[in-house]
Every structure is written in structure tokens, then in C-alpha cells.
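Notes follow the structure.
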Amino acid sequence: MDKFMERAVELAAGNVRDGGQPFGAVLVKNGHVVEEGVNETHKRFDVSAHAELLAIRRAQKKMHTHVLPGYTMYASGEPCPMCVTAMQFAGIDSVYYCASVDDAAEAGLEKSKMIYEELKKSRNDRTIKMMRMPLKEGQENPMELWKNRS
């Protein structure tokens with residue numbers, strides 16, 4: 001195993017011993033560790049406190065940027081759709097993972113697999129119903145403001 005993946009797995013195992021889930025992440029650039037994270041949902045009472053997201057947040061804060069091109073994420077488990085989306089928004093170039101979402105589901109952590117399956121469905125067939133509500137007549141349009149910003 002690559003040394004960065006070994007570290008991600010080590011972080012994940014330590015997190016399990018600490019009462020958390022088996023997820024650790026290491027964010028790397030130019031062969032150097034920039035930030036690390038473990039799943040802290042059990043400590044923060046925050047469903048978004050995933051290992052990858054915490055590593056990204058720390059790096060963005062440290063670098064004073066919201067984009068991370070040229071970075072690579074090493075994750076002990078295949079990132080969930082939320083984490084993949086954040087990595088795409090941040091511009092992370094590549095992701096290596098150890099355990100698959102199928103492995104996680106077999107261990108009793110089935111949410112990621114379920115959400116990946118859910119996202120394949122049409123909006124109307126998803127568990128969470130999403131209904132579009134248009135702007136009211138004369139209401140300021142934030143998208144137009146964005147488009148027309150100087």
C-alpha cells in the first residue's frame with residue numbers, strides 16, 4: 001500500500017477505537033500531506049463531518065482558498081456522494097480509496113451505497129421529494145444578480 005493510503009487506513013482504525021466510524025482521509029499535494037481527517041460525525045453531531053470534508057475544510061482554511069487543483073485525496077473508504085461532490089467543487093484531481101461502498105454496506109454502513117442508488121433515480125422517484133418553487137412576481141432574482149455582477 002502507498003504510504004498515504006496506509007495513513008488513511010491507520011486514521012480510520014484509530015477512529016473506530018475512539019468510537020467513530022472507519023473512515024480516514026489524507027489530502028496530498030506534490031507528494032506531501034497537506035491535511036488529514038477522520039469521520040467526526042459522532043463528536044460534532046454534524047452529518048457533514050466526514051473525513052474527506054474535514055481534510056478539505058482544513059486545507060482551504062490554511063491556504064485561504066476554496067479550490068484545490070493539483071491535490072489528491074487518499075480515503076480509507078470509497079467517498080460518499082457528498083464528499084465526491086465537494087471534491088469536484090474544490091477541483092481535486094484524483095481520489096484513491098481502499099474499501100468500496102459495497103464493503104461498507106457489508107459492514108453495516110449502507111448509507112453511501114443507498115444514496116448512490118438513489119441518485120440514479122429520476123427526481124420524481126427519489127425518497128426525498130423535491131419540488132421547484134418559482135420566484136414570486138417582482139422578487140429579486142439571485143441568479144440574475146450573479147450573472148450580471150461586475
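Using a 4.5 Å heavy-atom cutoff, the side chains of I56 and M73 are in contact. Side-chain contact check for T72 versus L27: every heavy-atom pair is 4.5 Å or farther apart. When side chains are defined from C-beta on, T65 counts as touching M63, because their heavy atoms get closer than 4.5 Å. In this structure, L109 and P22 have side chains that are in contact, with non-hydrogen atoms separated by less than 4.5 Å. Taking 4.5 Å as the limit, every side-chain heavy atom of D93 sits out of range of all side-chain heavy atoms of L68. Side-chain contact between C98 and M5 is present, with heavy atoms from C-beta onward closer than 4.5 Å.
The closest side-chain donor-acceptor pair between N124 and S122, if any, does not fall under 3.5 angstrom. For S76 and R7, the side-chain atoms include no donor-acceptor pair closer than 3.5 Å. Residues E78 and S112 have side chains that never bring a donor and an acceptor to within less than 3.5 angstrom of each other. Side-chain contact annotation: S48 with D46, donor-acceptor N/O pair under 3.5 Å present.
Here the closest heavy-atom approach between residue A51 and residue F23 is recorded as CB-O, 3.7 Å. Between V34 and K62, the closest heavy-atom pair is O-NZ, 2.9 Å. Considering every non-hydrogen atom in both V26 and E36, the closest pair reads CG2-CG, 4.2 Å. Closest approach of A55 and G37 over heavy atoms only: CB-N, 4.1 Å.
If you take CE on M133 and NZ on K136, they are separated by 7.5 Å, rounding to the nearest 0.5 Å. Taking CE from M143 and CG from L135, the interatomic distance works out to 9.5 Å, rounded to the nearest 0.5 Å. Rounded to the nearest 0.5 Å, atoms CG (L54) and CD (E52) are 9.0 Å apart. For the atom pair CD (Q60) and NE2 (H66), the distance works out to 8.0 Å, reported to the nearest 0.5 Å.
At a threshold of 4.0 Å, the pair E40-R58 counts as salt-bridged, since one of the basic side-chain nitrogens sits closer than that to a carboxylate oxygen. Using a cutoff of 4.0 Å between basic side-chain nitrogens and carboxylate oxygens, E118 and K121 are scored as salt-bridged. Using a cutoff of 4.0 Å between basic side-chain nitrogens and carboxylate oxygens, E6 and K3 are not scored as salt-bridged.
Between the side chain of R44 and the backbone N or O of T41, no donor-acceptor pair lies under 3.5 Å. Without hydrogens or angle criteria, N39 side chain to H50 main chain gives no donor-acceptor distance under 3.5 Å. Between the side chain of E106 and the backbone N or O of D103 there is no donor-acceptor pair closer than 3.5 Å.
Surrounding CZ of R149 are more than 12 heavy atoms belonging to other residues, nucleotides or ligands, all under 6.0 Å away. Applying the 6.0 Å contact sphere to CZ of F4 captures more than 12 heavy atoms from other residues, nucleotides or ligands. More than 12 non-hydrogen atoms from other residues, nucleotides or ligands lie less than 6.0 angstrom from NZ of K29. The number of heavy atoms from other shown groups lying within 6.0 Å of NZ (K61) does not exceed 12. Taking a 6.0 Å sphere around OH of Y116, one finds it holds more than 12 heavy atoms contributed by other residues, nucleotides or ligands. In the displayed structure, E144 atom CD is contacted under 6.0 Å by more than 12 heavy atoms of other residues, nucleotides or ligands.
Ring geometry for Y96 against Y74 counts as parallel: the plane angle stays under 30°, on a 0 to 90° scale with 60° as the upper cut.
Residues M114 and L119 share a single hydrophobic cluster, defined by chaining ILVMFWY side chains whose heavy atoms lie under 4.5 Å apart. Taking hydrophobic clusters as Ile, Leu, Val, Met, Phe, Trp and Tyr residues chained together by side-chain heavy-atom distances below 4.5 Å, V38 shares a cluster with V28. Residues V33 and I92 fall into different hydrophobic clusters, defined by Ile, Leu, Val, Met, Phe, Trp and Tyr side chains chained together at heavy-atom separations under 4.5 Å.
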Q. Taking it one step at a time, do K113 and E110 satisfy salt bridge (Lys or Arg N to Asp or Glu O under 4.0 Å)?
A. CA-CA 6 Å; K113 184 175 181 176; E110 62 282 328; over 6 Å; no
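Among L53, V95, V101, T85, the one residue that satisfies the side chain to side chain contact (heavy atoms under 4.5 Å, CB included) test with P79 is V95.
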